[in-house]
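Below is one structure, written out as structure tokens, with a few remarks after it.
First listed ligand is number 1; within each ligand, the first listed atom is number 1.
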Amino acid sequence: MKASSQPAAGLDVVIVGAGFGGLYAIHKFRQQGLKVRAFEAGDGVGGTWYWNRYPGARCDVESMEYSYSFSNELQQEWKWSEKYAQQSEILRYANHVADRFELRDAIQFSTRVVSAAFDSASSLWTIRTDQGDTVSARFFVVAGGCLSLPRMPDFPGRDSFQGKLYHTGTWPHEGVDFTRMRVGVIGTGSSGIQVIPRIAEQAKQLTVFQRTANFSLPAWNTPMPAEYEAWFKAYYPARREKARYSSAGIANHPTPDKGALEVSDELRAKVYEAGWAHGGPGFTRIYKDILSNEKANETMAEFVRNKIRQKVKDPAVAAMLTPTDHAIGTKRICVDTDYYETYNRDNVKLVNVREHPIEAITPKGIRTTEKEHELDAIVFATGYDAVTGAILNIDIRVDGGPSLAEKWAHGPKTYLGLMTAGYPNMFMVTGPGSPSVLTNMITSIEQHIEWIADCLRYLGQKGIRRMEAQPDFEEAWVRHVNEVADTTLFPRANSWYTGANIPGKPRVFLPYVGGHGVYRMKCADVAFKGYEGFTLQA
Ligand code: N01
């Protein structure tokens, strides 16, 4: 669809985003006969996988599971080429879905939603975009992604740099050739850990500016084994059903019944070795108490620290790369291919910016409190304003009242992560207070879209014009989200899960840690009780 400033009459739903959430929302809502329009900032579909084109970008949930389950034909016909698909293949898949289900005509590309205003008299949302569009719809569905608003730390002198600056989350479509360049990478989260080995292969010199050493597990990525694919496809519906009631929305994750301290040291060591040999993020779920018991966590953390020491030849560099300030898994666990080994290369240098912080970007490079590092290019792998960033980037108001950003000034408040009191007929896909980023995002996206679709059908059948979360149910849900988080080690780490990466962002544990399956049943129960906790008005 071409950008247009023509108002769209009679829209039922306006959707923000054409990533995996937006695409499925278009399909699902249209199947119910609703009239929908989606606005997408990029000039193509795919969301995260449209923007994150940095070398090494790939998913760390296995391809057979990081894919839609809503169509058995789709999951049977699509062939993933690797155990963990790379960005370009996932983007191809998103495009295939958009074509196969004829979704493109509902999407207006290269258009960012800037404001949304609800009018109680008409029960309509009016949505405005940066392209001058003004459209009205009965419902507003924000599917802008949990990790989509890139964060560039505001180092003094950033604009003075004479080389090139990149952010992993807005990578140039034409790619970047780092041959013969001196490159600096700031950040060692999942993006940094993926991009660093690839840049090291190409650049003349790579300097990594690390503030916090992170735990990373091996992916052991391989081309897709034919028999594995065949087995998975033979049992696909059952595997998906298992994922839907699992904790992380992933069928292949372990479901332990024992704690790490309930077994002998010898057995635990063997289990960790086997888990390491298998690789992937399921490792942190080998024992049921890894993310809730400090001592249990320490057994796993120390196992991984030893692996780092074995991989990195220079003991001083190994020490710098060894995390000691947080429990394993409480900052988002990373999964890598040759990350630690990269530091054995002669052209790779590690700088500890916890010890010597970055003072400024200079015309020639990066100056820390120790020295100036001369560079031709700087890559920011510095992350995102997570979970709430893309929602609050839109000025959202009801009857000219306070913005949602004002309501959430001390942290987001939602009922089930789906709606927020005082903002009727607005749904969030994988919003704060839902399992979202702690799970396979596609499992969580499907659950949310299906819940919203069922809800819209119900409202239609009952002739209800306005639906709103009740403040007391919202308070109770927020309290529950915090209480469950406080039974774990998660809130103790300075991670983006808590908003700690954004100066001034309220410190709140953003996702719901109670598990996807438990949450799914709670949402189903709420719907079954006639949308308990929501006010419905004809
Ligand atoms: O971002 P991050 P990301 N000076 O916030 C550092 C998903 N993802 O883009 O830890 C110096 O994790 C910061 O240091 P510290 C996944 O959910 C998935 O890597 O704050 N350093 C940290 O090292 C992931 O968790 C995949 O001390 C600064 C880094 O920048 C999420 O996206 C791949 C700094 C930011 O790490 C975000 O990952 C990629 C400063 N001023 C991403 N500011 C896969 O599926 C920040 N840093 C594999």
Report task. May I ask you to check whether His448 and Trp451 place their ring centers less than 6.0 Å from one another? Result -> no

Query - Cation-aromatic face contact Arg520/Tyr245, 6.0 Å, 45 degrees - result: yes

Query raised in the report: How far is atom 10 (O) of ligand 1 from its nearest protein heavy atom, and which residue and atom is that?
Result: Lys331 NZ, 2.9 Å

Query raised in the report: Distance only, no hydrogens: is a donor on one side chain within 3.5 Å (strictly under) of an acceptor on the other, for Tyr228 and Glu62?
Result: yes

**Report entry** Where ligand 1 meets Gly187 - atom numbers and elements under 4.0 angstrom, heavy-atom basis
**Finding:** 6 (C), 23 (O), 29 (C), 30 (O)

Query raised in the report: In the protein, what heavy atom is nearest to atom 27 (O) of ligand 1, and what distance, to one decimal place, separates them?
Result: Thr212 OG1, 2.4 Å

Query raised in the report: Checking ring-ring contact (aromatic ring centres under 6.0 Å, His included) for the pair Tyr68/His96: CA distance, chi angles, key distance, verdict?
Result: CA-CA 12 Å; Tyr68 287 120; His96 171 74; over 10 Å; no

Report summary line: ligand 1 atoms nearer than 4.0 angstrom to some heavy atom of Thr188 are 22 (C), 23 (O), 29 (C)

Report task. Any atoms of ligand 1 less than 4.0 Å from a non-hydrogen atom of Arg354? List them with their elements. Result -> 27 (O)

Query raised in the report: Phe509 vs Phe490 aromatic rings, parallel, tilted or perpendicular, using cut-offs 30° and 60°?
Result: tilted

Query raised in the report: Which of the atoms of ligand 1 are close to Leu147, meaning less than 4.0 Å from one of its heavy atoms?
Result: 7 (C), 17 (O), 31 (C), 32 (O)

**Report entry** Element-labelled atoms of ligand 1 that are located less than 4.0 Å from some non-hydrogen atom of Cys59
**Finding:** 45 (O)

Report summary line: among protein heavy atoms, the one nearest atom 1 (O) of ligand 1 is Gly383 CA, 3.1 Å

Requested in this report: With heavy atoms of Phe155 as the reference, note each atom of ligand 1 found under 4.0 Å away.
Outcome: 4 (N), 40 (C), 41 (N)

Query raised in the report: Can you check whether Tyr384 has an N/O within less than 3.5 Å of an N/O in ligand 1?
Result: no

Report task. Starting from atom 20 (O) of ligand 1, locate the nearest protein heavy atom and write down its residue, its atom name and how far away it is, to 0.1 Å. Result -> Arg211 NH2, 2.9 Å

**Report entry** Over 12 non-hydrogen atoms of neighbours within 6.0 angstrom of NE2 in His173
**Finding:** yes

Query raised in the report: Which residue and non-hydrogen atom of the protein lie closest to atom 36 (O) of ligand 1, and at what distance in Å?
Result: Gly189 CA, 3.6 Å

Report task. Report yes or no: is the cationic atom of Arg332 (NZ for Lys, CZ for Arg) closer than 6.0 Å to the six-membered ring centre of Tyr497, at no more than 45° off its axis? Result -> no

Report summary line: Candidates Tyr66, Tyr54, Trp496; heavy atom nearest atom 12 (O) of ligand 1 found on Trp496

Query raised in the report: Taking non-hydrogen atoms only, is Ala386 closer than 4.0 angstrom to ligand 1 via side chain, backbone, both or neither?
Result: neither

Report task. Classify the ring geometry between Phe70 and His27 as parallel (under 30°), tilted (30 to 60°) or perpendicular (over 60°). Result -> tilted

**Report entry** Atom indices of ligand 1 within 4.0 angstrom of Ser191 heavy atoms, with elements
**Finding:** 3 (P), 9 (O), 19 (O), 38 (O), 39 (C), 42 (C)

Query raised in the report: Do any N or O atoms from the side chain of Trp51 and from the backbone of Ser148 form a donor-acceptor pair under 3.5 angstrom?
Result: no

Report task. Give the atoms of ligand 1, by number and element, whose distance to some non-hydrogen atom of Pro153 is under 4.0 Å. Result -> 41 (N), 43 (N)

Query raised in the report: Should one rank Arg58, Gln87, Met441, Arg151 by closest heavy-atom distance to atom 46 (C) of ligand 1, which comes out on top?
Result: Arg151

Query raised in the report: Using 30° and 60° as the class limits, which term best fits the ring planes of Trp477 and His480: parallel, tilted or perpendicular?
Result: tilted

Requested in this report: Assign the ring pair Trp276 / Phe303 to parallel, tilted or perpendicular, where the plane angle (0 to 90°) is split at 30° and 60°.
Outcome: perpendicular

Query raised in the report: Considering distance alone, does some N or O of Arg332 sit under 3.5 Å from an N or O of ligand 1?
Result: yes

Query raised in the report: ligand 1 and Gln194, any nitrogen or oxygen pair closer than 3.5 angstrom?
Result: no

Requested in this report: Name the orientation class of the two ring planes belonging to Tyr512 and Tyr519 (parallel below 30°, tilted from 30 to 60°, perpendicular beyond 60°).
Outcome: tilted

Query raised in the report: Centre of Phe178's six-membered ring, under 6.0 Å away, within 45 degrees of the axis: is that where NZ or CZ of Arg182 sits?
Result: no

Query raised in the report: For ligand 1, is there an N or O atom under 3.5 Å from any N or O atom of Trp49?
Result: no

Requested in this report: Give the residue, atom name and distance (to 0.1 Å) of the protein heavy atom nearest atom 35 (C) of ligand 1.
Outcome: Ala381 O, 3.3 Å

Query raised in the report: Would one find an N or O of Ser190, backbone or side chain, under 3.5 Å from an N or O of ligand 1?
Result: yes

